[in-house]
Structures are given as C-alpha cells and as structure tokens.
Amino acid sequence: MTAALPYANGPIHLGHLVEYIQTDIWVRFQKLRGHQAIYVCADDTHGTAIMLRARKEGRSEEELIADMQRQHQRDFAGFQIEFDNYGSTHAPENYELCQQFWTALRQAGLIVEKDVSQLYDPEAGTFLADRFVKGTCPRCKSPDQYGDNCDKCGATYAPADLIEPRSVMTGATPEIRTARHLFVQLEKLHDFLSQWVQEDEHLQPEVVNYLLGHFLNEPLRDWDISRPAPYFGFEIPDAPGNYWYVWFDAPIGYIASTWQWCKRVGESLECWWRSPDTEVHHFIGKDIIYFHTLFWPGMLKTAGFNLPTKVHIHGFLTVGGAKMSKSKGTFVRAEIYLRHLDPSYLRYYFASKLGPRLDDIDLNFEEFEAKVNSDLVGKVVNLASRCAKFASRMGLSSRYPDDGGLFDHAARAGDAIAAAYEQCDYARAMRLIMELADRANPFVEQAQPWVLAKDPAREEELRDVCTVALNLFRQLAVYLAPVLPDLARKAGDLLADPIEHWQQSQQPLVGTEVQPFQHMLTRVNPKEIQAMIEESKEQDAEQAVGEHVSQEQNASADTDPWNDSDEPLKKEPLAPECTIDDFMKVDLRVARVVAAEEVPEARKLLKLTLSLGGEVRKTVFAGIKAAYKPDELVGRLVVCVANLAPRKMRFGVSEGMVTAAGEGGEEVYLLSPDSGAKPGQRVH
RNA sequence: GGGCCGGUAGCUCAGUCGGUUAGAGCAGGGGACUCAUAAUCCCUUGGUCGCGGGUUCGAGUCCUGCCCGGCCUACCA
C-alpha cells in the first residue's frame, strides 16, 4: 500500500492527513486480518520549487529535504501513521529504478525528442514553470495573473502572451528560450490503458467515466518528461544536461521505498513488485488522478512491474464547509494540531466521514467534538471505565456467562464490518461498530453492577456482569483497532491480552486478570480547538511573511521586510481628506455580538444583535454571510458604527454597521478590538 | 456549455432487488440512575424523501424534464 508522496516543500497539514490516515487504517486492517501487508511512502524531493527554495535559504537541496523529511516523519508518527518504510525519491535505489524504467521506455520506442519554447528567467538562470510567471491578463487586463490562465476572466493562454510578464522569483522580465525535451508517447499505450482502466474494478466507476470522457476519447498527448539544467533531480544518463521531471521519478519512489524495506528485512523486491501474488494499492487524492491512472500504469506495464490492483481516490478536506483558510485559522498544520488535541480524535472523525467515493469530506469542529465525546468516550471507553474498578479486584469469570446473545451478535457483525473496511467505507464500519456499542451499555444499566457490588454474596454475579461488559468492550476495541491503535493497545493492557488479530473479536476472553483501569481517552476540550485555530492564525501570519519574501515578490523585498502588496490601495484609493470634526460625527463603538442568525431568504446577510453593554441592543444586518457562520460570531467583540441612521431593509430595520475589511463575499475580515475592550466603549 | 456526484428530520447521514407505518446518531423536550471522564439508561417531539411528469398493483428507490449545491472540464496535463 502506498499513500502519495508529500512534497518536501511544505509541512503536513490536516488536508494531507485524510490520505495518510485513510491508508494507515486500511493497512492496519489488512495486517489485523492476518495478511502480510506493508505501507511504504517517501518524501517527494525533486523539482524546481525545491531548488529555488534551497537557493533562497542558502543551503543545499540535500540539507533542505533532509530537514523536511524529519518534520514529515515526526508529524506522521504523531498521528500514529505507521510506515513500514519511509524513503526519499532522492535515494540511490530510486535512481537505479529510474534507469530501469528509462531503459524499458527507450527499448519500447516510446521516447521522442522535441523542441519546447519556454520563458526563461535570466537572473535566476532557470526556465520558468507557468506558475512562476505573473503578468497582466491579455484579455481582461487584470494585473497579477499567473502564466497559464486568468482567475478573473478565466482566459487561458501561454505565459508568453502575458502583458509585462515577470518572474515571480526575481522580478526579472523573462525571455523566450528553446530547449530540447524528451517525451513519452503515451498514445502508443492507448489501447492498453483503455482496457486497464475499465477492467477488474481497478478504479472507482466515476473515475473510469472521467478518464474515458476526458482523455481516452482522443489521442493521448506526449508527456514531457525531461527538464533542462538547472534542475534538482536525477540527470538522465543518455541525455546529459537534462533531468527527469519530478513526476517521472516520484511514483517510482513507491518501488524504491519498497526496495529499501526489502533490503532491511531480507525480502526480495521481485516478490513484491513482480509477482502475481502481490496486490498493489495506491491511495491518492483526486488532484493527481491522471498521473496515477494513465502515466503510471503505462510506465509499470512497459517496465514489467505489477500494475496497481486498485487506485483508491479520495476527495479533499474542507473545514467548516469551506476551503481551508489561513486567515481563518482553518489551515491547521499537523504539528499544531498535536499540540492541542489527541490524534485519536482525528483518526476516528475522519474514519466516521470517509466513504468509498471521491466526495470532499468536511471537518466541522462541533461535530468533531460531539462524535468523539459521545461515541468514543461516552459509549465505548465508558463501557470499560464503568466496570473496570469492580473487575480489577477479581478478574474475569472462568466461563463466559449468558449475556443474552450480545457477544455472539457482535461477533457475527464482524464480517459486515470487515467488508466495509475492505471497501474503504469506513463511515459504514464506524456506524456498524457504534450500533454494537449502543447495545452494550443498556446491558450494564440493566444488570446494575453497582448494586451487586454492595452485596458480598453476589460477587459471582458481579464478576459475570463485568466479564460481559469488558468482553463487549474488547470486541469493540478489536473492530476499532485499525482506526484507534492506541485504544486497542490500552484495551490489551487492561485485560493483559494484546490485541493482534481480528479473530480475537470472535472468542470471549475468560479467566484472566484485569489491570487497574487507566484513562484511555479524555473528552475533547473545545477550548483546545479554539486555541489550535488561534495558533494556526498566528503561525500563518509569520509564515506568510517568509513565503512572500522568498517567492512571491520582486526586488523591493530586500528593503521591505513586510512586503505587503500595493494592490488593495490601488483598487480603492484614499477618500478625499476629512477634518477631525467630520470623523467625530461617526460614532464607532465596541460591541458584543450576543446573537447571530441566518436570514433564510437573504443571499449575503446575517442578522446580528449587538450589545453595547447594559440593556442597549442594536439589530444590524451585515453582508458577511459568505465569510462567517452565525455560531462563530456569538460572543465576539466587534467595532460598529453606532450612530448610523437606521435603514429599512427587505428583512427588517438595520440600526448600524459592523466594520470589516476586504472585498466582500468570502473576503471579509471583521475588525476586533484587542482584549480588554468593553462593549460600549467609543473608538477614537 | 459538457461531465461526474449529491439534495431524505434542526445537523450529519443510512435506506440492499421497487414491497408493510421512511430509520439511526447528535441536537431539542420529559423522566430515571449514580458504577463511570456531567458519562449512562428509558420515553418523546420532529419528515411534502428538492420540484413536476411518467412506468408500476405499489416509487425515497426506476425513467424523464426542471431547480439547487459541490467538484471536474472548456481543446493544459
């Protein structure tokens, strides 16, 4: 099994984790079922972006990627993502395999040479990928557009068509240069690929439709697989001065990482990548479908390696129903999450949302809190914690008592749960498991162990009740083990019987000792969620500065450390001068949002009730619906225009304005006073 | 414009091959309990299954038209 290789140019964030957790669960499930499975991954280390970043930071690419790899591995470990091998595409094994693939492609007659004209940055001495060029859109004249298309009018063009193009890195005016590139003639594999994508359920059905409708319905284009120097990567042996494009060597990294594992444990790579007995499962996001379902099978076929058994494709992560946003603090890095919250929460939450399809999944923090607290702590862990105290002094009964069929029922549910895991329908698996948990707690309730505990004569009964409850708990822990390895380990410790195999869910445990109960999982503290979001905002403010200096802006960056864009001011020039008296006419006040609600018929408006302290309330309709949810506003302080003439709007009378910056739509940033300000205070 | 996916309770979703009175969890309301991390248990409110047409003895489910939302595309990969 593989998860996509994270690029060595940035930290792991919650969006990445959807995939690594999804894959980790699947691998752990396969291992629990008794299969020999390995999870390999690696850092994706090559490309122009890495080269440029290393240059800016004044160190070698090798130092940079080693540093990033340490961070990535630390973050993955923090989320209990357990790779059998975590390598790097810059490893010697990968170079050797790249040569094998290359030789095979040459021998198959799939490589051709063609001239490519590209923009070239004379100062940096490098060719510029489309996204490294910015300029004015040739169609609508919007400034500051990337080299491939305009996000204002949607026009697509070549980077050379931009008006006043400039290099994003140096600000230099690029020139057009021509270089020889090597291409793979993928079209020669067209028939094979058309067949492969359709057979044996290698891909989800909607992906097959997509590929057939978008790519396989016409000749496949040649794939530009080389980049001229300077480039950070592997130089192509029979084309000196040219390097394999990062997307050529990245997937080969899956095999290279496997090879490293093989060397370490004394296995043969042939048995894993050239054997009909081995299945290869790739887990990827929907953004890299093309590479994994067309190029990659084509390369594997040509070089004689195993084709993927299945490519499992997932959607993206949204937070609170919107794209992850740095300014809102919903762009949460793995490292920051771990400073505040338990990784088990996220593993379970993602599992409860992940289905077999490509839909995006949403992280909603209220739901997150509710699911973890009520499902995991309230239902599952509680089962153990409410009985373990009684049980630890007497151990489990030597025979499994009559439980009214509960254990058997849950044991029989194992097949359906396993099938759901197998199909990557973890949401279904979690539902099935929670149904079992819902049956277990009423048993304890009805058996009343706390009553039995008061009567020494009923000790046997008490022990039986605890034996049932703890066995039902253990069964749940086995079923949840792929998702919650930590809980499984603690369950194993409690009953002095490590959870290692799915079959352990089928037989009750009897006659063993019960260790003193220790907390297995604490409830989610919503304050920690808030703190995590706040810290994410701060981090990104710092980071944004660094990034802009290194990449986005031009030469003036050297003198202006903040390097803010002049665009907002250009868009909305200063208003005519006003006097202090003019200003004093506007009465700005600190106010607290005490209520906020959607206005169902309104597209843009939220209805806010502001408190100016004491009994003074104002109703304000604010055009911020796209940027804020009512719930996140309640309680916060804002600055409002308190003496604005009331205005009758379609949905009621608005008695003021809330101040905010931004262009409108989702780009709205409410002003907040620093802490200490009190509702009703005037802003001078 | 084209493609894909979706629209079921306040929220998140399940609903198998078309088959009885459409379900769960959470949230809300009422009660019980005290072993447990304010956990748990019982009862309960809540639905025009997006809208219209069609097929059928019977439609949340199949067909069709439309509306809404998301993603992907628009001759880039």
Side-chain angles (χ1 to χ4, degrees), chain A residues 129-131 146-149 154-159 183-184 186 204-215 217-225 245 247 285-291 293-295 313 315-316 318 321-323 349 352-353 355 357-364 366-391 416 420 425 427-428 430-435 437-454 462 465-466 469 473 517-525 598 629 631:
Chain A
D130 291 354
R131 64 196 183 91
Y146 283 110
D148 45 0
N149 68 323
T156 56
Y157 39 76
F183 288 76
V184 176
L186 206 62
Q204 288 126 301
E206 57 267 53
V207 177
V208 178
N209 286 338
Y210 165 73
L211 293 171
L212 292 176
H214 280 93
F215 303 108
N217 60 344
E218 57 187 11
L220 293 162
R221 281 173 188 68
D222 293 344
W223 179 32
D224 185 352
I225 207 178
Y245 176 46
W247 263 111
K286 62 186 180 181
D287 51 334
I288 53 177
I289 290 177
Y290 189 86
F291 296 96
T293 59
L294 296 177
F295 291 146
I313 301 167
F316 297 142
T318 57
K323 278 188 182 163
Y349 183 80
S352 78
K353 304 283 276 189
R357 297 240 208 78
L358 281 73
D359 305 326
D360 290 351
I361 69 169
D362 186 48
L363 170 56
N364 174 302
E366 283 170 38
E367 188 191 9
F368 173 88
E369 186 188 333
K371 271 204 148 99
V372 171
N373 287 351
S374 74
D375 290 357
L376 289 186
V377 182
K379 285 177 190 169
V380 178
V381 175
N382 186 45
L383 206 52
S385 69
R386 68 192 309 195
C387 291
K389 191 175 79 182
F390 308 127
D425 195 348
R428 183 181 183 84
M430 296 307 106
R431 264 200 317 278
L432 292 169
I433 294 168
M434 287 310 141
E435 271 175 33
D438 280 332
R439 289 163 161 261
N441 273 305
F443 169 83
V444 179
E445 199 73 18
Q446 187 239 322
Q448 298 185 303
W450 57 93
V451 174
L452 302 176
K454 286 172 186 152
L462 174 61
V465 170
C466 292
F473 166 72
F517 183 77
Q518 303 192 329
H519 273 8
M520 294 182 173
L521 196 64
T522 55
R523 294 167 60 79
V524 175
N525 180 351
E598 306 259 7
K629 293 180 125 184
D631 288 350

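Proteins come first, then strands; the chains are lettered A, B, ... in the order of their sequence lines, and each starts at number 1. Every value quoted in this text rests on a predicted model; they were computed, and no experiment measured them.
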Nearest whole Å is fine: how far is B:rG70 P from A:D287 CG?
20 Å
Does any N or O in the side chain of A:Q204 come within less than 3.5 Å of the main-chain N or O of A:L358, such that one atom is a donor and the other an acceptor?
no
Look up atom NZ in A:K353 and atom CG in A:D359, then write down how far apart they are to the nearest 0.5 Å.
11.0 Å
B:rC51 and B:rG10, which share atom name P, separated by this distance in whole Å:
14 Å
Any cation-pi pair here, A:K286 with A:F316, using under 6.0 Å and within 45°?
yes
Can you tell me how far C1' in B:rG46 sits from the matching atom in B:rG3, rounded to whole Å?
38 Å
Give me the distance, rounded to whole Å, that separates B:rA24 from B:rG47 when you measure between the C1' atoms they each carry.
14 Å
Please report the distance separating the P of B:rG30 from the corresponding atom of B:rU45, rounded so that it comes out in whole Å.
15 Å
When all nucleic acid strands are considered with a 4.0 Å heavy-atom cut-off, which category describes A:R523: base, sugar-phosphate, or nothing?
base
Walking RNA chain B from its 5' end, the first of A:D438 and A:K371 to be reached, judged by nearest nucleotide, is A:K371
B:rA22 versus B:rG58 - spacing of their C1' atoms, nearest Å:
15 Å
Using ring centroids (six-membered ring only for Trp), state whether A:W247 and A:F295 fall under 6.0 Å.
no
For B:rC4 versus B:rC42, give the span between their P atoms, rounded off to a whole number of Å.
45 Å
Applying a 4.0 Å non-hydrogen cut-off, can you work out what A:N382 is touching in the nucleic acid: base, sugar-phosphate, or nothing?
base
Taking the same atom, P, in B:rG70 and in B:rC63, what whole-Å distance lies between them?
25 Å
Would you kindly compare A:W223 and A:E435 by the position of their nearest RNA chain B nucleotide and give the one closer to the 5′ end?
A:E435
Determine the interatomic distance between P on B:rU21 and the same-named atom on B:rU12; round to the nearest Å.
29 Å
